[in-house]
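Note sheet for the following structure.
The residues of the chain are indexed from 1 along the displayed sequence.
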Amino acid sequence: FKKSLFFSKFAFFAFLILFVSAIIIVLIVILYWFFGTELGSAIRATGCNERMAKAQGINTNLIKIFALALSNVSISLVEATRTSTMSARS
């Protein structure tokens, strides 16, 4: 009985690791694609050299607001997931 319990826990954690790894890989692919688009390039350009981005015709104020909103959304999703897993353990 104890061996089957060990293997079931091992299988659960193996599945969990594979599932989280798959989600991370999908997120990396989506971010790689996004930063290759025009908007993503504008975010990268504004982050590297704001004056040069402005000289290229990029609205840097709008890009900074969008980048901050994007980062806040990602942080809130991570914290919501973290909070839900913490409350599930109690």
Side-chain angles (χ1 to χ4, degrees):
F1 178 72
K2 288 185 178 183
K3 285 185 179 180
S4 64
L5 181 63
F6 172 75
F7 286 120
S8 65
K9 283 186 179 181
F10 177 75
F12 171 74
F13 285 118
F15 173 75
L16 186 64
I17 289 171
L18 287 173
F19 182 72
V20 169
S21 299
I23 289 175
I24 289 171
I25 289 170
V26 167
L27 286 175
I28 288 171
V29 168
I30 289 172
L31 285 174
Y32 183 79
W33 168 81
F34 174 72
F35 284 115
T37 62
E38 188 175 341
L39 181 60
S41 296
I43 290 173
R44 289 187 295 141
T46 303
C48 289
N49 191 344
E50 185 178 352
R51 286 183 10 194
M52 183 59 76
K54 191 173 275 196
Q56 294 290 326
I58 297 172
N59 186 352
T60 56
N61 291 329
L62 183 66
I63 293 298
K64 285 192 279 188
I65 290 171
F66 181 77
L68 285 171
L70 185 65
S71 66
N72 286 335
V73 166
S74 64
I75 291 295
S76 65
L77 289 175
V78 168
E79 287 300 317
T81 304
R82 182 172 164 245
T83 304
S84 68
T85 59
M86 289 175 69
S87 63
R89 291 180 193 163
S90 300

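- In terms of heavy atoms, Gly36 sits closest to Ser41 at O-OG, 4.1 Å.
- Phe35 and Trp33 fall within a single hydrophobic cluster, where Ile, Leu, Val, Met, Phe, Trp and Tyr side chains are chained together by heavy-atom contacts under 4.5 Å.
- Listed for the Thr83 side chain is no donor-acceptor partner under 3.5 Å among the backbone atoms of Ala80.
- The NZ atom of Lys54 lies 12.0 Å from the CD1 atom of Ile63; values are rounded to the nearest 0.5 Å.
- In this structure, the separation between CZ on Phe12 and CD1 on Ile17 is 10.5 Å, given to the nearest 0.5 Å.
- Here the straight-line distance linking atom CD1 of Ile75 with atom CZ of Arg82 works out to 11.0 Å at 0.5 Å rounding.
- Hydrophobic clustering (side-chain heavy atoms under 4.5 Å, transitive across Ile, Leu, Val, Met, Phe, Trp, Tyr) groups Leu39 together with Ile58.
- Using modelled atom types, no side-chain atom of Thr46 and backbone atom of Ile43 make a donor-acceptor pair closer than 3.5 Å.
- Within 6.0 Å of CD on Glu38 lie no more than 12 heavy atoms contributed by other residues, nucleotides or ligands.
- Note: Leu70 CG to Ile65 CD1 = 13.5 Å, rounded to the nearest 0.5 Å.
- Of the residues listed (Ile23, Ile30, Ile28, Val29), the one engaging Val26 in a side-chain contact (heavy atoms from CB on, under 4.5 Å) is Ile30, and it is the only one.
- Phe19 and Leu27 fall within a single hydrophobic cluster, where Ile, Leu, Val, Met, Phe, Trp and Tyr are joined by side-chain heavy atoms under 4.5 Å apart, directly or via other members.
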